[in-house]
2 protein chains.
Amino acid sequence: MEIACFIEAADRHCQQQGVKLTALRRQVLELVLSYTGVVKAYQVLADLQKQRGIAAPPTVYRALDFLVAAGLLHKVDALNGYIVCHHVGCSHEGLILVCGDCGRVEELDATPVLDVLRQQAGSAGFAISQQNLMLTGRCEGCRV
Amino acid sequence: MEIACFIEAADRHCQQQGVKLTALRRQVLELVLSYTGVVKAYQVLADLQKQRGIAAPPTVYRALDFLVAAGLLHKVDALNGYIVCHHVGCSHEGLILVCGDCGRVEELDATPVLDVLRQQAGSAGFAISQQNLMLTGRCEGCRV
DNA sequence: TCTCAAATGTTACGGTATAACAAAGTTATT
DNA sequence: AATAACTTTGTTATACCGTAACATTTGAGA
Ligand SMILES: [Zn+2]
Ligand SMILES: [Zn+2]
Ligand SMILES: [Zn+2]
Ligand SMILES: [Zn+2]
């Protein structure tokens with residue numbers, strides 16, 4: 001099972017970082033993993049309520065915030081959603097493509113283009129930090 | 001006055017595009033221009049209410065949507081806000097730099113790099129839509 | 001003037017996110 | 001073990017962000 005494998009890696013990753021992947025956080029991570037693409041906080045909340053009987057927004061938002069801070073998830077601002085990071089551990093800068101229609105996600109290597117962007121930002125006085133580029137559009141399947 | 005100058009340019013720009021910068025839209029644009037950085041819809045709404053006595057959310061959202069579509073504003077998803085585009089006529093895809101410390105915003109032209117990204121995304125089957133690139137970092141003043 | 005389409009007004013609602021405080025669990029120290 | 005300090009989670013309430021749906025007004029063209 002792929003999810004179990006990811007969870008294990010996430011566990012090691014958190015231990016290395018000195019942060020705790022508690023039962024709740026693990027449960028939320030599993031719920032996000034159970035989707036194929038972008039997931040919204042209130043979807044996770046609904047799932048959590050099915051599994052636990054009760055849960056409130058802060059519970060899921062806190063868990064999601066933790067997982068993002070730990071580098072296990074990325075937030076997709078344009079869609080108010082979250083995706084799993086499939087490059088945990090490798091220090092990467094990804095170009096993350098998100099289909100606004102079906103939520104499908106693809107990750108490419110953004111290193112070359114980020115070099116250019118770093119230089120461009122640098123000449124404007126900005127030192128941009130390590131990060132992913134996130135772009136929304138339409139995947140092959142969703143185009144007519 | 002700089003605002004008046006911008007409004008004039010915006011007017012010409014809209015005429016060229018065959019769209020109408022109505023009184024309401026102009027008023028909203030002026031309100032956004034009166035701020036120095038990122039502005040939120042409900043801030044504009046509050047200002048509009050001060051000037052008109054009454055206004056509802058759809059009024060301001062419709063105006064903001066129009067101004068974004070016309071290329072006069074950009075939406076900053078990560079901050080649920082809007083900024084003025086200072087590249088009207090040149091390009092409508094911005095590289096928006098946000099200082100994580102002080103909130104300062106700078107906009108560069110993202111057209112060249114987005115051409116590259118479009119091609120890269122295209123070979124992965126994604127057709128990315130018109131949008132801004134947003135990067136966070138530190139501005140000159142906030143670096144030690 | 002009349003007609004049609006675009007723009008705006010208005011009401012109501014749904015989706016997103018956090019503040020503030022209480023309770024429970026963890027860890028370290030005595 | 002008992003205590004204290006800290007982190008995590010629970011709970012309630014509320015604030016913020018954005019849109020659906022329909023009514024009304026406005027303005028350009030027949
Ligand atoms: Zn990643
Ligand atoms: Zn798709
Ligand atoms: Zn711009
Ligand atoms: Zn700064």
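Residue numbers begin at 1 in each chain, while the letters A, B, ... track the order of the sequences. All values below were derived from every heavy atom in this structure, side-chain atoms included, with hydrogens, water molecules and symmetry-related copies excluded.
No side-chain donor-acceptor contact under 3.5 Å links B/Glu93 to the backbone of B/Thr111.
We find that CD of B/Gln49 is positioned 12 Å from P of C/dG9, with the value rounded to whole Å. The distance between atom CG of B/Leu64 and atom C1' of C/dT8, rounded to the nearest whole Å, is 15 Å. A/Arg25 places its CZ atom 16 Å from the P atom of C/dG25, with the value rounded to the nearest Å. For the pair B/Asp65 CG and C/dA6 P, the interatomic distance rounds to 17 Å; values are reported in whole Å. Note: CZ (A/Arg52) to P (D/dT8) measures 15 Å, nearest angstrom. Atom CG in A/Leu67 sits roughly 14 Å away from atom C1' in D/dT8 (whole-Å rounding). For B/Leu45 and D/dA15, the CG to C1' distance is 14 Å, given to the nearest whole Å. Note: CD (B/Gln43) to P (D/dG18) measures 12 Å, nearest angstrom.
Positionally, the nearest nucleotide of DNA chain C for B/Ile54 lies more toward the 5' end than for the other of B/Ile54 and A/Gly81. Residue whose closest nucleotide on DNA chain D sits further toward the 5' end, between A/Pro57 and A/Phe66: A/Phe66.
Between A/Leu31 and A/Gln51, the closest side-chain pair of non-hydrogen atoms falls below 4.5 Å. The shortest distance between side-chain heavy atoms of B/Asp77 and B/Met134 does not fall below 4.5 Å.
Taking only side-chain nitrogens and oxygens, B/Tyr61 comes nearer than 4.0 Å to OP1 or OP2 of D/dG18. Proximity of A/Lys75 to the phosphate of C/dT16: no side-chain N or O atom is located under 4.0 Å from OP1 or OP2. A sub-4.0 Å separation between OP1 or OP2 of D/dC17 and a side-chain N or O of B/Lys40 is present. Put simply, B/Lys20 has no side-chain N or O that comes within less than 4.0 Å of OP1 or OP2 on C/dA6. Contact between the side-chain N/O atoms of B/Asn80 and the OP1/OP2 oxygens of D/dG18 is found at a separation under 4.0 Å.
Counting non-hydrogen atoms of other residues, nucleotides and ligands closer than 6.0 Å to CD of B/Gln119 gives a total of 12 or fewer.
For A/Tyr42 against C/dA17, a side-chain-to-base donor-acceptor contact under 3.5 Å is present. For D/dG18, the base has no donor-acceptor partner in the side chain of B/Arg62 [N/O atoms by modelled type, under 3.5 angstrom].
Residues B/Leu29 and B/Ala10 share a closest heavy-atom pair of CD2-CB, 3.8 Å.
Counting non-hydrogen atoms under 4.0 angstrom, B/Thr59 reaches a base of the nucleic acid.
In this structure, of D/dG18, C/dT18, C/dG9, it is C/dG9 that holds the atom nearest to the side chain of B/Leu24. Listed nucleotides: C/dT11, C/dA6, C/dT8. Nearest to the side chain of B/Pro58: C/dT11.
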